[in-house]
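Nothing fancy with the numbering, it's 1 onward along the sequence. Just so it is clear, the values below take in all heavy atoms, side chains as well, and ignore hydrogens, waters and symmetry mates. Everything numeric in this text was worked out from a predicted model, so none of it was measured.
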Amino acid sequence: MQEREPGTSLLDKRTAILVAAFCLGLFHLAAVSGVISISTMPLRLVHVAMAFSLLFALKPASKRLAGTKTDLALTGVLILAILGASLWLISRWKSIAFSGGLTTDGDYYAGLVILILVFEAARRGIGLILAIITLVFFCYPFISPYLPGILNGRGYSLERMVLFLTTDTQGVYGIPIGVAATYIIVFTIFGAMLSRFGAGDFFFEISIRLTRGLRAASAKSAVLFSTLIGMVSGSAAGNVAVTGTVTIPIMKREGYQPHQAGAIEAVASTGGQLMPPVMGAAAFIMAEIVGVPYTTVMAVAILPALLFFGSAFFVVHLQAVKSGIEPRADDQSDGRPLSRVLIQGAPFIGAFAVLLALMLSGFSPFKASLWGMAALIGLDIVRSRRIDLDLIRKIAGSIAEGSRNVITISAACAAAGVILGTLGITGLGSKIALLIDVASNGQLILALLFTMVASIILGMGLPTTAAYLILATVVAPALVKFGVPMLTAHFFVFYYGCISTITPPVALASYVAGGIAGADVNKVGWTAASYATTSFVLPFAFVFGPGLLMQGDVFGNLLAVITGFAGVGAVAAGVVGCLFSPLSAANRAVALGAGLCLLAQFWPTALVGAVLLGWLFIQQRAARQVSLKS
């Protein structure tokens with residue numbers, strides 16, 4: 001092992017990274033606001049060059065080499081390589097575009113360097129899993145002539161693949177990177193700005209006050225807090241790390257067992273990725289790929305997100321009833337009057353109000369977020385009545401932090417671009433869809449099951465955006481082939497990609513929560529998966545009941561809301577094993593059956609579910625009255 005660099009060098013490195021991150025964020029803010037005018041390809045080339053440079057500087061080649069001279073030298077080589085190759089393509093993009101795609105040997109070598117660095121960026125930024133998945137897809141054109149059956153293909157040369165993936169807007173510099181360079185980076189800066197200006201404390205205080213005096217108040221405030229923070233965090237595991245350090249100890253003090261507290265936080269943090277307006281940054285990519293307005297994606301996502309959190313509330317409440325946890329008498333808030341809390345939180349309320357109002361008015365998401373940031377800064381100045389150095393530091397720090405937060409997403413987007421480009425040029429995407437079609441023998445329910453399994457497996461270990469990008473390009477087309485509407489198909493795979501973070505064996509959000517709770521991580525993972533049972537059923541209901549996605553008629557949408565909340569409540573009772581009191585095994589089965597019937601989105605099954613749930617209510621209330629009298 002080589003000697004580590006002196007502390008002053010590390011300080012210089014941190015300063016250089018901070019400045020570079022600030023420049024990256026400032027460049028993109030200027031580009032999306034129209035202050036500077038730049039074409040699509042140069043914008044994406046500059047974004048990849050700067051984001052990868054930051055990623056290589058921040059993420060060591062390995063834990064063993066972290067902080068060594070070897071790692072520093074390797075980092076320097078990688079940064080010079082990405083900058084050099086990107087500058088070459090920036091100087092060549094007009095010639096390539098105007099000549100109809102004529103390239104030179106220099107273009108090939110620059111593209112080859114960039115592709116190699118995409119694999120390395122995916123490995124460093126996301127993990128070995130994504131790098132291997134990307135490499136497997138990239139290798140398909142070279143081995144396809146030797147594969148049997150439907151996977152057989154004519155194959156392509158390395159030069160053809162490299163040039164296609166790096167000199168066109170259908171590979172590395174395709175839609176995913178385009179979204180990262182416009183929508184996502186602006187929202188990560190917005191999220192960082194909310195955090196630095198104190199939104200976390202405000203949201204937690206509001207959550208505590210809204211659940212004050214309720215049974216399981218700490219768990220319910222954890223669900224609310226995680227929802228509010230998770231909307232803009234972009235990572236379920238990251239959300240757990242931020243909110244879990246506050247909520248898990250409170251839940252443990254209230255009476256929840258460590259593994260239960262960890263599981264509740266993991267489920268709530270995962271649900272934050274499903275909640276508009278940001279949805280883990282995947283909402284913007286979904287809108288681009290499907291070809292619908294972003295507001296349409298938001299409208300589709302609202303009820304499923306509310307049902308997810310409704311299910312979480314039911315679970316924590318019923319678990320508290322089963323465990324005998326009573327409402328707490330002490331007040332966990334900071335004691336400030338509500339009016340003062342709201343005044344202190346006015347900048348955050350105003351920023352979200354501006355953001356949503358402008359998006360609903362037809363503004364693009366990144367334009368709306370720019371005005372949201374302006375509203376946040378303006379209202380903070382009005383509240384504090386001063387413009388000082390601290391304000392400047394907060395703004396500059398937010399830009400730098402937001403830029404740093406986007407670099408791993410950019411690595412995932414670049415890798416997804418390689419996958420997407422390979423699927424396009426080889427036709428592999430349609431072949432995978434055909435495989436699911438053949439395996440399901442034309443039965444939609446089987447196709448949905450196979451797609452669910454594939455989505456959970458491919459999504460394991462990946463952040464929200466990376467998971468969705470892979471699923472959207474690999475498995476969503478299979479459902480579209482079955483006649484499922486494109487937006488519904490994409491939302492189906494997105495949902496399962498999100499909940500893969502709490503699905504063992506690779507349940508990252510559960511593992512982070514288990515570490516904070518001091519519980520067995522596997523026990524936390526399986527408990528979280530059981531608490532989220534409803535989530536494994538809901539996407540099927542989306543397909544058969546468009547009302548759950550607010551895509552039916554008025555009556556259908558209203559029925560979906562009623563049966564949806566009743567259904568998730570019944571399933572929660574069956575999973576926890578408690579309603580007004582603990583349930584027998586037979587009654588748990590009745591509750592689960594009632595919930596599934598209500599969620600099936602057919603009025604005959606809804607009627608059966610309502611009868612079963614009504615009978616269970618009557619039976620439980622009668623048993624409770626007998627217990628009270630005795």
ring-ring contact (aromatic ring centres under 6.0 Å, His included) evaluation trace for Y496 with F492: CA-CA 7 Å; Y496 283 117; F492 183 92; 5.0 Å; yes

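- Rounded to the nearest 0.5 Å, atoms NZ (K523) and NE2 (H259) are 4.5 Å apart.
- Using a 4.5 Å cut-off on side-chain heavy atoms (C-beta onward), F482 and S440 make contact.
- Note that CD of Q319 is 7.0 Å distant from CD1 of I264, once rounded to the nearest 0.5 Å.
- The shortest heavy-atom contact between L548 and A541 is CD1-CB, 3.3 Å.
- Here the side chains of K252 and P258 are in contact, with some heavy-atom distance below 4.5 Å.
- One distance of note links CE of M286 with OH of Y468; it measures 4.5 Å at 0.5 Å rounding.
- Here L598 contributes atom CG and I562 contributes atom CD1; the two are 11.0 Å apart, rounded to the nearest 0.5 Å.
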Start with the C-alpha gap between L444 and V484, add the side-chain angles, then the distance that decides, and say whether side chain to side chain contact (heavy atoms under 4.5 Å, CB included) holds. CA-CA 9 Å; L444 178 58; V484 177; 3.9 Å; yes

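- Going from atom CD1 of I302 over to atom CG of L274 covers 13.0 Å, rounded to the nearest 0.5 Å.
- A heavy-atom distance below 4.5 Å is found between the side chains of L583 and Q620.
- When side chains are defined from C-beta on, F314 does not count as touching V576, because their heavy atoms never get closer than 4.5 Å.
- The closest side-chain heavy-atom distance from I133 to I419 is below 4.5 Å.
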Please step through side chain to side chain contact (heavy atoms under 4.5 Å, CB included) for the pair S455 and V475, ending with a clear verdict. CA-CA 7 Å; S455 298; V475 295; 3.8 Å; yes

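- Among pairs with a residue in residues 476-486, none fulfils side chain to side chain donor-acceptor pair (under 3.5 Å), at least two apart in sequence or across chains.
- Ring orientation note: the planes of F491 and F542 are tilted relative to one another, at an angle of 30° to 60°.
- Across all their heavy atoms, C498 and T270 have their closest contact at O-CG2, 3.4 Å.
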Enumerate, atom names and distances included, each donor-acceptor pair closer than 3.5 Å involving a side-chain atom of residues 584-597, sequence neighbours excluded.
from : atom 1 : to   : atom 2 : distance (Å)
S584 : OG     : N587 : N      : 3.3
N587 : ND2    : Q619 : OE1    : 3.4
R588 : NE     : G574 : O      : 2.9
R588 : NH2    : G574 : O      : 3.2
R588 : NH2    : V575 : O      : 2.5

Between L448 and L479, does a side chain to side chain contact (heavy atoms under 4.5 Å, CB included) hold up when you go through it step by step? CA-CA 7 Å; L448 292 173; L479 295 184; 3.7 Å; yes

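- Pairs passing the ring pair (Phe, Tyr, Trp, His ring centres under 6.0 Å) check and including a residue from residues 549-585, sequence neighbours excluded, read F580-F617.
- Inter-residue side-chain proximity for P304 and L538 is flagged as unmet; no heavy-atom pair is nearer than 4.5 Å.
- The shortest side-chain heavy-atom distance between L487 and V300 falls under the 4.5 Å cut-off.
- Here the closest heavy-atom approach between residue A600 and residue F544 is recorded as O-CB, 4.4 Å.
- Put simply, the side chain of F540 does not reach to within 4.5 Å of the side chain of L599, judged on heavy atoms.
- For the atom pair OG (S311) and CG (L306), the distance works out to 12.5 Å, reported to the nearest 0.5 Å.
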One pair to check against side chain to side chain contact (heavy atoms under 4.5 Å, CB included): V568 and F308. What are the steps and the verdict? CA-CA 8 Å; V568 298; F308 184 97; over 6 Å; no

